[in-house]
Structure formats: C-alpha cells, structure tokens
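Take a look at the structure below.
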Amino acid sequence: MVFKCKRLSTKSEEIVIILLFVLLIPYLWMVMMNHKKDIIMNRSTYKLKKQIFILAGQSNMAGQGGVSYGYWDGIVPPECQSNPDVVSLSMSLHWKIAKEPLNYRVDCVRNCGIGPGMAFANAILKKDPNFGVIGLVPCSVSGKGIRRWSRGNSPYDQLLRKVKISLRDGGELRGLLWFHGESDTITKFDATHYKPRLQKFIQDLRTDLNSPLLPLLMVVLHVPRPWFKGKFADIVRQAQIEVELSNVVKVDAKGLPLNPDGIHLTTAAQIRVGNMLADAFLSSNITSPRKSSEKVFHMLFST
C-alpha cells in the first residue's frame with residue numbers, strides 16, 4: 001500500500017505548522033534539561049550498596065510535626081534537611097533524593113509533616129560518615145490498627161512490595177523503624193491483643209522478606225493527652241515493652257512534647273525520636289539480617 005502526503009493547500013497552513021514546531025522546541029528542551037538535572041541530582045541513588053530502612057507505622061511515623069489545623073507549616077529544621085547520601089523510594093517506585101515530608105502522597109498530602117525518618121538518617125551519617133548511602137522506604141498509614149498490618153491487608157502487602165522493589169538494584173536491608181499503636185489504645189480488646197498481633201506481624205515480615213533477623217527499631221508509644229479518646233495507652237505501651245523477639249531495640253517516647261491535638265509529636269519531638277533511634281541502632285550492635293546469631297537484643301532506651 002502506498003501513501004501519499006497531501007500537499008498543503010495554502011501558505012498560511014505552512015506558517016501555522018512552522019510556528020507550532022518553533023513553539024515545541026523550547027518545551028522539548030525544558031523536558032530534556034529537567035531529566036538531565038534529575039539524573040545529576042540523583043547520582044547517589046544508583047550506588048548499589050544502599051543501607052535500606054523501612055519506615056512504617058501510623059501517623060506519627062508518617063509525620064505530623066509542624067501540622068496544625070490540617071496543614072503543615074512547611075518548616076524543615078536543619079536536622080531534617082535533604083542530604084545527597086539519603087534517598088527515599090518515591091510513589092513511582094524510584095529512588096530519589098529524600099526530602100520532607102517523607103510520607104507525602106504515601107498516606108497524606110496537605111497535612112503531611114515532619115516525622116523521625118530524616119532526622120534518623122542524618123544522625124546516622126553525622127555519627128558515622130562512612131556508613132554509606134541510606135535508603136528510606138516510607139510505608140506508614142495513618143489510623144490503621146495492628147490487625148490491619150497482617151498478610152492480605154493493604155498496609156502489609158504494600159510494604160512487602162515496596163521493600164522487595166527497593167532491593168532490586170542492590171543494597172542491604174538494615175532494619176524496620178516502627179512507630180505505631182495509637183489506634184489500638186481505643187478499646188481494651190485491641191489493646192490486650194496488641195502484643196501477639198505485633199509479634200505475628202514481625203515474624204511474618206521476616207519470613208516473607210527472607211530476613212529472619214531483620215532488626216526492629218521500635219518507638220514505645222508516648223502517653224496521649226487526656227482528651228484523646230484512647231484510654232488504654234498503658235496496656236499498649238506495656239505490650240510493646242514486653243515484645244519477646246530477637247534483634248529488637250526500643251526507644252521510649254513517653255514525655256515528649258505533643259501538638260495541641262494531644263496525640264501527634266511536635267517537630268522537636270520527632271527530631272528527638274529520630275536521634276534516639278539512630279543512637280540505639282549504632283550503640284546496640286544489633287545483628288545484621290544476613291548473619292546468624294543466637295544473641296538476642298531486647299533493649300529499651302528512654303528519653
């Protein structure tokens with residue numbers, strides 16, 4: 001079959017085509033330059049040896065520091081500034097230079113604020129400049145109790161998928177940062193069942209990731225203000241303290257300052273939690289997930 005191009009009937013049509021082409025060139029140039037800039041800015045994301053940490057839990061891990069009346073104030077303190085050696089897995093499942101708010105579009109949009117993740121990563125690199133590139137995998141989902149973090153439920157399955165993708169181009173899974181429990185303080189039934197459900201979640205995750213010694217860096221729940229409807233925070237806190245699994249390190253958020261809503265940590269408190277998690281990780285000598293050991297770490301770091 002032979003196709004013949006139809007000749008333009010008028011000079012004006014030729015002019016229109018030329019103008020459209022001229023206007024298209026700057027747009028294509030801008031797209032190419034932005035792509036080139038993205039590659040330059042993300043050179044560290046292509047290093048194969050990333051030290052990968054999962055960030056999971058509820059809204060405090062997602063980040064509510066600096067949020068009031070449903071909006072984030074946009075303030076990023078020095079401890080949470082971007083660092084070329086800290087990358088995060090984006091919603092498009094690609095590594096990019098990490099920036100606050102880490103959980104943007106994972107769980108929230110306008111009310112995403114500061115969490116402990118960036119402070120944790122920056123503190124690690126400050127204390128150990130040779131640690132390597134840190135890869136953060138944000139997976140927190142607000143308002144989902146521990147029973148929702150089980151096989152077959154969206155939070156668990158999405159976390160598993162993201163972590164497996166994060167490991168495709170190389171790297172080592174170094175730990176799970178877990179800040180959770182607020183939703184399970186509302187009823188006594190959920191509070192009293194928190195410990196076995198949490199331990200089941202950790203055991204299943206270790207099995208599904210083929211990482212039987214995956215370290216757990218857990219924030220022991222703070223005590224909400226009296227006007228928060230959760231009445232059984234003490235039961236959940238005790239359940240977290242009593243978790244009996246290997247390679248578990250805990251930091252206690254009790255007493256840290258809260259936002260006016262009585263449940264979410266302030267920016268300063270989130271930075272404190274991030275620093276505590278970093279100190280706990282570096283000082284506990286928890287076993288690498290790739291190594292076998294009979295050593296059991298069950299440590300609690302207080303404020």
Side-chain angles (χ1 to χ4, degrees), residues 55-73 75 77 80 100-104 106-117 119-120 138-150 153-155 177-198 201 216-243 250-277 300-303:
L55 308 178
Q58 294 185 260
S59 53
N60 269 305
M61 180 58 85
Q64 289 288 299
V67 174
S68 60
Y69 303 104
Y71 290 89
W72 178 45
D73 59 18
I75 298 174
C80 303
E100 295 285 13
L102 282 176
N103 226 59
Y104 177 72
V106 177
D107 174 55
C108 49
V109 182
R110 68 183 186 185
N111 65 332
C112 259
I114 301 295
F120 166 81
C139 299
S140 299
V141 184
S142 301
K144 302 299 183 183
I146 191 61
R147 67 181 181 86
R148 299 296 299 274
W149 288 88
S150 57
N153 285 299
S154 178
L177 275 62
W178 179 253
F179 193 168
H180 185 273
E182 296 92 335
S183 293
D184 292 274
T185 67
I186 296 173
T187 70
K188 190 172 184 179
F189 179 86
D190 285 336
T192 54
H193 287 79
Y194 189 86
K195 180 180 174 182
R197 287 173 171 174
L198 175 60
F201 160 70
L216 173 68
L217 306 170
M218 180 166 60
V219 182
V220 175
L221 190 65
H222 54 291
V223 179
R225 294 285 183 257
W227 53 88
F228 179 69
K229 57 185 177 181
K231 300 179 180 179
F232 304 101
D234 288 341
I235 296 177
V236 174
R237 278 178 48 81
Q238 192 59 35
Q240 293 172 334
I241 292 171
E242 292 178 355
V243 165
K250 307 159 192 174
V251 301
D252 196 346
K254 184 177 182 179
L256 292 177
L258 302 175
N259 286 335
D261 60 14
I263 185 63
H264 295 118
L265 270 60
T266 64
T267 296
Q270 290 284 16
I271 293 171
R272 175 62 180 148
V273 168
N275 286 327
M276 291 170 65
L277 287 167
L300 176 62
F301 294 78
S302 301
T303 57

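Atoms considered below: every heavy atom in the structure, side chains included; atoms not considered: hydrogens, waters and symmetry mates.
- Going from atom CZ of F232 over to atom OG1 of T187 covers 7.0 Å, rounded to the nearest 0.5 Å.
- Between the side chain of N60 and the backbone N or O of G65, no donor-acceptor pair lies under 3.5 Å.
- Between the side chain of T267 and the backbone N or O of G66 there is at least one donor-acceptor pair closer than 3.5 Å.
- Distance check, rounded to the nearest 0.5 Å: CZ of R272 to CG of N275 gives 7.0 Å.
- Minimum heavy-atom separation, K188 to I235: CG-CD1, 4.4 Å.
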(request) Show your working on side chain to side chain contact (heavy atoms under 4.5 Å, CB included) between M218 and V243 and close with a plain yes or no. (result) CA-CA 10 Å; M218 180 166 60; V243 165; 4.1 Å; yes

(request) Would you please test Q64 and L265 for side chain to side chain contact (heavy atoms under 4.5 Å, CB included) and show each step? (result) CA-CA 7 Å; Q64 289 288 299; L265 270 60; over 6 Å; no

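- In the model, D107 has no side-chain atom that pairs as donor or acceptor with a side-chain atom of S140 under 3.5 Å.
- In terms of heavy atoms, D184 sits closest to H180 at OD2-CE1, 3.4 Å.
- To the nearest 0.5 Å, atom CG of residue L55 and atom CH2 of residue W178 are 12.0 Å apart.
- Closest approach of G115 to E100, counting heavy atoms only: O-OE2, 4.0 Å.
- Here the side chain of D261 pairs a donor or acceptor atom with the backbone of I263 at under 3.5 angstrom.
- S59 and E182 are not linked by any side-chain donor-acceptor pair at a separation below 3.5 angstrom, with hydrogens and angles left out of the test.
- Counted within 6.0 Å of CZ on R197, heavy atoms from surrounding residues, nucleotides or ligands total more than 12; the atom is thus considered enclosed.
- Closest heavy-atom contact between V67 and N111: CG2-O, 3.5 Å.
- Here the OG1-NZ distance, from T185 to K229, works out to 9.5 Å after rounding to the nearest 0.5 Å.
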(request) Go through the steps for L221 and Q240 under the test side chain to side chain contact (heavy atoms under 4.5 Å, CB included), then give the verdict. (result) CA-CA 8 Å; L221 190 65; Q240 293 172 334; 3.5 Å; yes

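- Using modelled atom types, no side-chain atom of H222 and backbone atom of L258 make a donor-acceptor pair closer than 3.5 Å.
- Counting all heavy atoms, side chain and backbone alike, V220 lies closest to K250 at CG2-CB, 3.9 Å.
- For the pair Y194 and R237, the minimum side-chain heavy-atom distance is 4.5 Å or more.
- Atom OG in S154 sits 9.0 Å away from atom CH2 in W149 (nearest 0.5 Å).
- Between I271 and P77, the shortest heavy-atom contact is CD1-CG, 3.5 Å.
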(request) Decide side chain to side chain contact (heavy atoms under 4.5 Å, CB included) for R148 and F201; before the verdict, give the C-alpha distance in whole Å, the side-chain angles of both, and the deciding distance to 0.1 Å. (result) CA-CA 10 Å; R148 299 296 299 274; F201 160 70; over 6 Å; no

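- With rounding to the nearest 0.5 Å, the separation of SG in C80 from CD1 in I75 is 12.0 Å.
- Looking only at side-chain heavy atoms (C-beta outward), P155 and K144 come within less than 4.5 Å of each other.
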